[in-house]
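Here's the structure, in structure tokens; my notes come after.
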Amino acid sequence: MNCALVTGGSRGIGKAICIKLASLGYHVVINYKSNVAEADDTLKTIREARGSGELLPFDVSSPEEISKTLGLWLDQHKEDTLEVLVNNAGIKDDVLMMWMKDEQWENVLRTNLDSFFYITRLVLNGMLMKRYGRIINVVSLSGQKGLPGQTNYAAAKGGLIAATKALAQEVGRRGITVNAVAPGFIKTDMTQSISEKEMKAIIPVNRFGTPEEVAHAVAFLASPDAGYITGEVISINGGMYS
Ligand code: NAP
């Protein structure tokens, strides 16, 4: 079975990525933290379209949970191939740095950046043995240009962009590509409190993006035909910045 692991697949961008990858024939392993109802809905949508998937909840900010839950899954699926890893789960916790608490810095770094290290290191071994893999990291416009109120989030996503480029150079000769997509403003729970009406004036395409538009780029990078693209960051921001 050809599998794709998508972290944060219960809602928003991750959900759209799960549905898209399932439509391309992958057995999708849907990670999430706590929203069982939304995760069930992702799986239901996949199955209704005759796709294949399963749920694998664990907290990506916990190295212990990653090694226990994902480690066990990998041990139990030695005959399967985990071809695609999408590091998508993320949180933001915006506040001016002056007022930022230790936990706000640490939680955002742990969830958005440390998770990449612990999850990818576990998954990488199988990809190296099979000499094939597609790793796609979901970063952000904030990690490219920085946004005020997001020193924690921008640092995490900027760090993830640099890690993407470094790992791409380590594993390229083994048939593994490592890329990132950098969304701007996408309509999900994360941007619910931001007014599209007010913001669209500064977006050349004049609207927020959809999770499906991000999923489309992820699917492209995940495809076998994208094998000569690595260490790249694709901006999906309606022309705001590149
Ligand atoms: P969202 O709607 O808030 O969904 C977040 C997803 O991540 C949920 O599935 C959630 O699971 C999961 N998650 C959060 N913390 C987790 C943890 N510790 N362990 C496991 N899963 C966890 O967010 P989104 O807008 O789709 O964002 C997805 C990614 O895109 C993030 O990395 C975000 O930084 C990035 N991004 C988003 C935008 C945007 O405009 N929306 C822009 C740039 C970048 P539960 O349902 O269980 O909580």
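In listed order, ligands and their atoms are each counted from 1.
For a threshold of 3.5 Å applied to N or O pairs, the pair formed by Gly14 and ligand 1 contains no separation below that value. Not one N or O of Pro183 is nearer than 3.5 Å to an N or O of ligand 1, by distance alone.
Residue Met1 qualifies as enclosed at atom CE: its count of foreign heavy atoms under 6.0 Å is above 12. The neighbour count for Glu198 CD, taken as heavy atoms of other residues, nucleotides or ligands under 6.0 Å away, does not exceed 12. Remark: His77 NE2 is packed, more than 12 non-hydrogen atoms of other residues, nucleotides or ligands lying under 6.0 Å away. No more than 12 heavy atoms of other residues, nucleotides or ligands shown are found within 6.0 angstrom of NZ on Lys44.
Among Ser142, Gly184, Ser140, Gly143, the residue whose heavy atom lies closest to atom 38 (C) of ligand 1 is Gly184.
Side-chain contact check for Tyr32 versus Cys18: every heavy-atom pair is 4.5 Å or farther apart. You'll find the side chain of Leu160 stays beyond 4.5 Å of the side chain of Asn112, heavy atoms only. With a 4.5 Å cut-off on side-chain heavy atoms, Pro63 and Asp114 do not count as touching. Two residues are said to be in side-chain contact when any heavy atoms from C-beta on lie closer than 4.5 Å; Phe220 and Val181 fail this criterion. In this structure, Leu70 and Val123 have side chains that are in contact, with non-hydrogen atoms separated by less than 4.5 Å.
Arg207 pairs with exactly one of Met199, Glu196, Lys187 by the side chain to side chain contact (heavy atoms under 4.5 Å, CB included) rule, that one being Glu196.
Residue, atom and distance of the protein heavy atom nearest to atom 3 (O) of ligand 1 are Arg11 NH1, 3.6 Å. Atom 33 (C) of ligand 1 has its closest protein heavy atom at Tyr153 OH, 3.4 Å. Looking from atom 13 (N) of ligand 1 to the surrounding protein, the closest heavy atom is Ala89 CB, 3.9 Å. When hydrogens are left out, the protein atom nearest atom 5 (C) of ligand 1 is Gly90 O, 4.0 Å; that is the closest non-hydrogen contact. For atom 37 (C) of ligand 1, the nearest protein heavy atom (residue, atom name, distance) is Ile13 CD1, 3.7 Å. The nearest heavy-atom contact from the protein to atom 40 (O) of ligand 1 is Ile186 N, 2.8 Å. With respect to atom 28 (C) of ligand 1, the closest heavy atom belonging to the protein is Asn88 OD1, 3.2 Å. With hydrogens left out, the protein atom closest to atom 45 (P) of ligand 1 is Ser10 OG, 3.4 Å, a heavy atom.
Atoms of ligand 1 found under 4.0 Å from any heavy atom of Asn31 (numbered from 1 in listed order, with element): 20 (C), 21 (N). Using a 4.0 Å cut-off to heavy atoms of Asp189, the atoms of ligand 1 that qualify are 2 (O). Under a 4.0 Å criterion applied to the non-hydrogen atoms of Thr191, ligand 1 contributes the atoms 39 (C), 40 (O), 41 (N). Residue-ligand proximity, Asp59 to ligand 1, at heavy-atom distances under 4.0 Å covers atoms 17 (C), 18 (N), 19 (N). Close approach of ligand 1 to Phe58 is summarised as follows: ligand atoms under 4.0 Å from at least one heavy atom of the residue are 19 (N), 20 (C). For ligand 1, the atoms sitting less than 4.0 Å from at least one non-hydrogen atom of Asn35 are 45 (P), 46 (O), 47 (O), numbered in the order shown with element in parentheses. Proximity to Gly8 (heavy-atom distance under 4.0 Å) selects the following atoms of ligand 1: 6 (C), 7 (O), 9 (O), 12 (C).
Placement of Val6 and Val29 in two distinct hydrophobic clusters is found when ILVMFWY residues are connected by side-chain heavy-atom separations under 4.5 Å, directly or transitively.
Contacts between Phe185 and ligand 1 below 4.0 angstrom, taking non-hydrogen atoms only, involve the backbone exclusively. Only the backbone of Val139 comes within 4.0 Å of ligand 1, judged by heavy-atom distances. Contact annotation: for Ile91 versus ligand 1, heavy atoms closer than 4.0 Å belong to the side chain alone. By the criterion of a heavy-atom distance under 4.0 Å, the side chain of Lys157, and not its backbone, is placed next to ligand 1.
Heavy-atom separations between Pro57 and ligand 1 are all 4.0 Å or longer. Heavy atoms of Phe208 come nearer than 4.0 angstrom to ligand 1 in no pair at all.
Between Asn137 and Thr164, the side chains place a donor N or O and an acceptor N or O closer than 3.5 Å (distance only, hydrogens not considered). The closest side-chain donor-acceptor pair between Gln104 and Asp93 falls under 3.5 angstrom.
Among all heavy-atom pairs drawn from Pro224 and Arg134, the shortest one is O-NH2, 3.1 Å.
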